[in-house]
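Below you'll find the structure, written out as C-alpha cells, and then a few comments.
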There are 2 protein chains.
Amino acid sequence: MQNLVNVFKALSEETRLRILKLLEHGELCVCDIVAALDMAQPKVSFHLNVLKEAGFLKDRKQGRWTHYSLDDSDFFRRFLLMSVLERIPKDALTEDRKRLMAFVRGKHSWDDAVRSSKGKRCAGRCK
Amino acid sequence: MQNLVNVFKALSEETRLRILKLLEHGELCVCDIVAALDMAQPKVSFHLNVLKEAGFLKDRKQGRWTHYSLDDSDFFRRFLLMSVLERIPKDALTEDRKRLMAFVRGKHSWDDAVRSSKGKRCAGRCK
DNA sequence: AATTTATATAAACATAGATTGATGTGGAAG
DNA sequence: CTTCCACATCAATCTATGTTTATATAAATT
C-alpha cells in the first residue's frame, strides 16, 4: 500500500510534472533538464531520483552523462503518465521548451566549432 | 497545473486511501469512519476535507450528521479511484471493515432498543 | 433556554519533504 | 596521474503537511 502511495507522491509536485512533460518526446541528459527548468542541478537530481524510485523514469549512463527517459514498462504508470501529460496545460511548459531548445542548439554549434579537436562538452550553463 | 498536483497529493497518503476504500460500497457518516479507522475525529475530518477539496468526495448533511461518499462526477477522478481501489491489497483493510461492521451493528441494536422513545443517536465510541 | 451530540475549525506542535551550498565520485582528456 | 566535467550525495535549513488538544457551531433533544 505504501508502494501505491509513493506512486502518487511522485506525481504531486509541479517540478516533477514539468520533468515528465519535458521527457515526453524522448530522453534527455541531466544538464538538458537543468537548462530547461533553469534550476540548480542538485535540485533536479533530487526530483529525477524521486521519479525513478517511483518507477516513472529509467536512466542510461554513457560516459559522464546520465540520460533519463520515461519508463513505460508498467501499464498502470504508463496510463498515469498519459493522463498527466495530456492534462498539463500547453502554455505551462513554453518557457521550459524554449530554454531547452536554446541549450541544445548551443551544444550543437559548439560541437561543430570544435569537433575532433577537443571532443564533446556540455554547452551554455554547464561550466 | 496546481490543480492536477492536488489530485495526486490527495491520493498520496495511506489514511486517505483507507477512507476511499471504506466508501467503496456506499456513503458513511463521519462517526462510522472514525470508528472504522479508530482515529481521532479531527484527524479524520481533516483527511475527509482534503479528499473533498480534491474532488474525490462529496458530502450530504442530514441533521447532525455528515455523510460522505465517492464523487463520480468527473471521469478522470473516477478512473483514478477505480485503479486505486483495485490496487489496495485486500487484507490491508480487514481490521477497518471489522471495526466498521461492529460499530454499525452497535448503532442498529441500540436503535432497536430505544426506537420511538428517545430517537436516534450514535452508538459505541461516540459518547 | 439549557444540554447533548456530531462534526468542524483553530492553534500549537511534530514530522516529512524540498531547497541550498558544499563535497564526493567516476569517466574522459590532457 | 592530474585536471576537468557531469552528476550524485550529504548536511543544514526551510517549508508544507499531518497530528493533537481545545474550542466552536449547529441541530436535536430535554
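By convention in this document, chain letters (A, B, ...) are assigned in the order of the sequence lines, proteins followed by strands, and residues within each chain are numbered from 1. All values derive from a computational prediction rather than experimental measurement.
Distance A:Lys61 NZ to D:dC7 P: 10 Å, rounded to the nearest Å. One can place CD of B:Glu13 at 18 Å from P of D:dA16, the figure rounded to the nearest angstrom. B:Glu14 places its CD atom 16 Å from the C1' atom of D:dT19, with the value rounded to the nearest Å. For the pair B:His67 NE2 and D:dA27 P, the interatomic distance rounds to 14 Å; values are reported in whole Å.
When the nucleotides D:dG18, C:dT7, C:dT5 are ranked by their closest atom to the side chain of B:Val30, C:dT7 comes out on top. Checking D:dC7, D:dG18, C:dT20 against the side-chain heavy atoms of B:His47 singles out D:dG18 as nearest. Side chain of A:Lys43, nearest nucleotide from D:dA8, C:dA8, C:dT20: C:dT20. Of all nucleotides listed (C:dG17, C:dA18, D:dC7), C:dG17 comes nearest to the side chain of A:Lys9.
Evaluation of atom-type donor-acceptor distances gives no pair under 3.5 Å for the side chain of A:Gln41 against the base of D:dA6.
Comparing A:Thr15 and A:Gln62, the nucleotide of DNA chain C nearest to each residue sits closer to the 5' end for A:Thr15. Residue-to-nucleotide proximity on DNA chain D shows that, of B:Gly63 and A:Pro42, the 5′-proximal contact is made by A:Pro42.
A donor-acceptor pair is defined here as one N or O able to donate and one able to accept, closer than 3.5 Å; such a pair exists between the side chain of A:Lys21 and the backbone of A:Leu85. A donor-acceptor pair under 3.5 Å links the side-chain atoms of A:Ser12 to the main chain of A:Lys9, judged by distance alone. With hydrogens and angles ignored, the 3.5 Å screen pairs a side-chain donor or acceptor of B:Arg16 with a backbone N or O of B:Ala10.
Distances shown here put a side-chain N or O of A:Tyr68 below 4.0 Å from the OP1 or OP2 atom of D:dA8. Regarding contacts with the backbone of D:dA6, every side-chain N or O of A:Thr66 stays at 4.0 angstrom or more from both OP1 and OP2. Under 4.0 angstrom from either OP1 or OP2 of D:dG18 there lies at least one side-chain N or O belonging to B:Arg16.
Relative orientation of the A:Phe8 and B:Phe8 rings is parallel, given thresholds of 30° and 60° on the angle between their planes.
More than 12 heavy atoms of other shown residues, nucleotides or ligands fall within 6.0 angstrom of atom CE in B:Met39.
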